[in-house]
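Notes follow once the structure below has been shown.
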Amino acid sequence: MTSSAFAVSNAIFSNAERVAEHEDVIIFPPLLELRKEAGQWWGLIQGAEDPGIADLRSLLWRLLLSLQLTLRPFDHPALVLTDQLEGIRHLAGQVPEVRERVPKLDSLVLHLYSNPHNPKRDRLLGLLQELFAEGIVRVGIVTALTRWPLPGSGADLEGREQFVVPIPSRSVLMSRIFDCIIVPGASRYCPFQTEIFNASRTADLRVIRFDSETAHRPRRPALPRGPSMNVQPPTKPGRDLQNQDSPDTSILDTQIDAGFWTALRRASRGLEEHVEPEFRDRQHLVRARLVLFANGYWMNLREDQKVIEISQWVDGLEEPQSLRRFPRRQVSELQEGHLIVLRTMGSGDYLLDVADGLLKAHGLADLRRSSTDWKAALEMALRQHGTGGMARRLRSLGHPVNSSSYLWTWTTNHVMRPESQNLFVDLVRVLSSLGYSLDNLDPEEAAIERWVGMGQVIRYHYKAGAVIRRSLLKRLRSLIAAGCHIDTEYQLALEGVAAGEMSVLRIAAVDTESALVPYATTGTLRQL
Amino acid sequence: MDDGDYLASAGLPCTIEVGTVAEGGRWATTATWVGFLIWTGWWLRRYSAPNHRIVMMLSVAARPCCSPLIALGSVLESLAATERVRISWEEVLRLPHDTEIHLLRDVKGAASGKVRARGKLAEIRSLQDQVVREVILEEPAKFAGAKQLLFPRNLDAVRPSLVPYVVTGRPTDTLDLSRALEHLCPGFPQAWLFSRELEALIVTERSSWARHLDDLQLKVTPRDRSQQVRHTKLSDILFVSSTSAQSSVRTAVMPPTSIGQSTGAPLAILDGPRSIEVWESIEAPRLVFLLEACELDDLILPKLRRIASFGDRELPGKHGPLPRATPPGIEMTIFSLRSA
């Protein structure tokens, strides 16, 4: 029986009263040494703005964090230690300040590789055994301790997986009550750290961390004190963990975190910084958000776009039968832990490919090309004359163009054609007057012919949409019914739909800021 | 109040417990958070300060079910207050000239069986050896200017009150509710059931709000053991539009996107961060800002601090005792804002 909201609330308030936080700190000199060495490197290259050095800082930090947070033996292939070291060696070779320290770093990492016994793994398995022996069954383990993917994540829990609920996201944490929540590491980079410590989803919170990890408990959120009166619950001293940040390590962590995002944003925003402002209206810029996936890829997603998001169903928060329509979310509403469906193989848009297949089957293989050839002409005209120039010409023909940058969207497949036939005819007239004639026909005749063709293509888009929807919903329902758990990624082949491949991808982080990026850089998966 | 019995100050003649239909019979008898939230609604509704708005910010461990409990507290005080404003003969004589007064008479043949009237108190005089007080009627329009006499023997028939009566239907479908209310407030005026005055406005974006409420039941146990324990749905006591069997709405529930006109509610509960965004559009004299502790993030806290910075240093007027501590999982800030 599903508990009522009142019963759940009652349990949460009860947890708020009883909660106790325990910390198990593992003294482990090899990682402490590695942390100190990373600190030395950081000190030597601090402040340098060279992109290569920024990358070196990121790699170094990634190496340290992957070893501190992994629950696998240190020689596990998932840690890709050899590759990680190789990347650092390569970049460090070009930085005189740290070149000589490479052998020391090598020896510290190789020591761990040749002594792979991971004491954190032992403590975790021991704790699970202890809890199960006490009859405690609703145990959750936080599996997203950073906002980006790290090598070596996940773990084989020696058959205990079925008794443990992985907590990869805020929504999974907030949807349940746990007898115990285990946080296997310092959680300062966990995107839902505040909720872990303050949302009262358990009365028994256990942190297992190495002494080399910086302990950090988020502050308990408090209301403004108010000018007249503020009343709080009675405090119970000693039930919360205390922070042990030393100023140097905190600053180091904060700077590295910021550095990671700065470097990634730089890469994701692509050409934007190299374009002179006066030429900005000659390329198609769209507002997009950087989304990082748990499989180590990232993508710029247009902010005005909606994507299919199914974490509620896959993570068991909603009944499978309630998946009737595509659950879509605006890109700006995406959070870590969400599962989104994206095309991962094949080129172009999935809908267009399926529609083209249908057009071909009905002997209309060339219809899209012949009806939309004006888009290429428009793109060239925009690059040469800018959106301002084109918008002025259309306005002079009596068409109010509120946002001249919107003209760029007509060059894409997201918007098939302008909203009225008159506007389209005048657009083709303008193109023709600028020397972009579509063929030997009169501009009006050429425009009407294309307008009719595009209408037909749009009808095939509707048909393709229905085919994909039916097949994808069927596939997703069977995936959910099978109780499939998705940590990072799941590939979907749609029965009866021959058009590339789709995947369900787990989001690891979403940039808090959006940015204007070239349209061409959106919707493409790239590896970190 | 400091021993966690927050409802003690409400002086209820019964004990109340909240539970759910789904958990059949498992009543949250000792849940201090339930009692505290009912107390907040009760206290806010009881406390008024002319030319001020009272703001209560609440941070709670879990938001679902909190706003209905606060609204329940407000209803409890409203019931008691309605009883308090029924006027005795001594008060009829004492009230100043031109005081607005409301009357309710049983009239056979009227659609609801009752007719309400509004008028102003006028002259006190003697008629056939007894003292009477005149009321110059203003409503219904056809009786405007007519005089209604008040004297000790007709008070029960005309029911003079300082608050308006609104008659909407016969109380045939309200027996269970009526009995539960009788326990909560013995002798409460039946007219309360038919008033269209709003008790509370709840601004929330949760589509599940009504579903959560539908589960909740109130168990009312009279202190007098000879009387029967009564159960009633919380949604019936709150008179929520979609869930109540009543034709009138006493608790309005609106999404923040629909706020635009004044509702005249004496209490508004802004349930969740998006609801708080619209606080300036709401004219209620008492405001509750309800948030989960984890919702107090860097976006919402500066807004709350800014609102609190406009508050007066002291709560005006008499507000009665306030608790020294809240239950675990709840924090409370109270202040007043001068009305524009």
Side-chain angles (χ1 to χ4, degrees), chain A residues 1-20 170-171 173-177 190-203 218-236 239-240 312 317-318 322 332-333 335 512, chain B residues 18-23 26 28 31-34 55 57-66 68 208-209 211-213 215-217 289 291-297 300-302 304-315 322-336:
Chain A
M1 183 176 66
T2 312
S3 291
S4 69
F6 181 73
V8 173
S9 295
N10 219 16
I12 292 171
F13 277 101
S14 167
N15 285 340
E17 186 166 5
R18 296 180 295 129
V19 67
R170 182 182 284 112
S171 51
L173 172 75
M174 300 299 274
S175 66
R176 291 176 170 86
I177 304 292
C190 175
F192 46 98
Q193 190 201 25
T194 302
E195 285 81 358
I196 293 172
F197 284 90
N198 297 317
S200 305
R201 261 45 183 184
T202 185
R219 64 178 177 77
R220 201 168 281 282
L223 287 171
R225 305 294 291 185
S228 319
M229 83 171 293
N230 173 271
V231 192
Q232 298 180 349
T235 49
K236 291 181 184 171
R239 69 176 193 170
D240 287 354
Q312 295 284 100
L317 308 182
E318 294 269 359
S322 66
S332 55
E333 291 171 358
Q335 289 178 354
T512 49
Chain B
V18 177
T20 61
V21 183
E23 272 82 30
R26 279 168 49 194
T32 50
W33 67 277
V34 172
V55 178
M57 293 177 173
L58 288 172
S59 142
V60 295
R63 259 196 304 123
C65 306
C66 287
S208 52
W209 191 92
R211 201 175 65 237
H212 292 163
L213 179 65
D215 267 352
L216 288 177
Q217 280 209 349
F289 290 17
L291 290 159
E292 281 188 8
C294 290
E295 290 169 338
L296 296 173
D297 58 18
I300 202 82
L301 269 174
L304 298 185
R305 284 195 198 105
R306 188 173 155 270
I307 297 167
S309 71
F310 298 135
D312 288 338
R313 294 185 67 81
E314 298 282 334
L315 286 176
L322 289 164
R324 279 187 219 150
T326 50
I330 300 184
E331 188 192 356
M332 173 176 75
T333 288
I334 310 173
F335 55 90
S336 69

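Reckoned from all heavy atoms, side chains included, excluding hydrogens, waters and symmetry mates. Order of the sequence lines sets the chain letters (A, B, ...), proteins ahead of strands, with each chain counted from 1.
Looking only at side-chain heavy atoms (C-beta outward), A:Phe13 and B:Val34 stay at 4.5 Å or farther from each other. Between A:Ser9 and B:Trp33, some side-chain heavy-atom pair lies under the 4.5 Å cut-off. Looking at heavy atoms from C-beta onward, B:Leu301 lies in side-chain contact with A:Pro224 at the 4.5 angstrom threshold. Residues A:Gln232 and B:Arg324 have side chains not in contact (no heavy-atom distance under 4.5 Å, counting atoms from C-beta outward).
Legend: residues meeting salt bridge (Lys or Arg N to Asp or Glu O under 4.0 Å) with B:Asp297, ordered by chain and number and at least two apart, are absent. A search for side chain to side chain donor-acceptor pair (under 3.5 Å) contacts involving B:Thr333 returns A:Asn230, not counting sequence neighbours.
In plain terms, the two heavy atoms of A:Val231 and B:Pro323 that are nearest each other are CG1-O, 3.5 Å. Closest of all the heavy-atom pairs between B:Ala61 and A:Ser200 is CB-OG, 4.3 Å.
Here the straight-line distance linking atom CZ of B:Arg305 with atom CZ of A:Arg225 works out to 12.0 Å at 0.5 Å rounding. Between the CD1 atom in B:Ile330 and the CG atom in A:Leu223 there is a gap of 11.0 Å [rounded to 0.5 Å].
Neither the backbone nor the side chain of B:Leu291 comes within contact range of chain A; no heavy atoms are under 4.5 Å apart.
Most heavy-atom pairs under 4.5 Å with chain A: of the set B:Gly311, B:Ala293, B:Cys294, this distinction falls to B:Cys294. No other option in B:Ala62, B:Ser309, B:Ser59 has as many heavy-atom pairs under 4.5 Å with chain A as B:Ala62. For chain A, the option among B:Cys66, B:Gly329, B:Ser336 with the highest count of heavy-atom pairs below 4.5 Å is B:Gly329.
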| field | Working for side chain to side chain contact (heavy atoms under 4.5 Å, CB included), residues A:Arg220 and B:Glu331 | value | CA-CA 11 Å; A:Arg220 201 168 281 282; B:Glu331 188 192 356; over 6 Å; no

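The 12-atom threshold is not exceeded at CD of B:Glu314, counting heavy atoms of other residues, nucleotides or ligands nearer than 6.0 Å.
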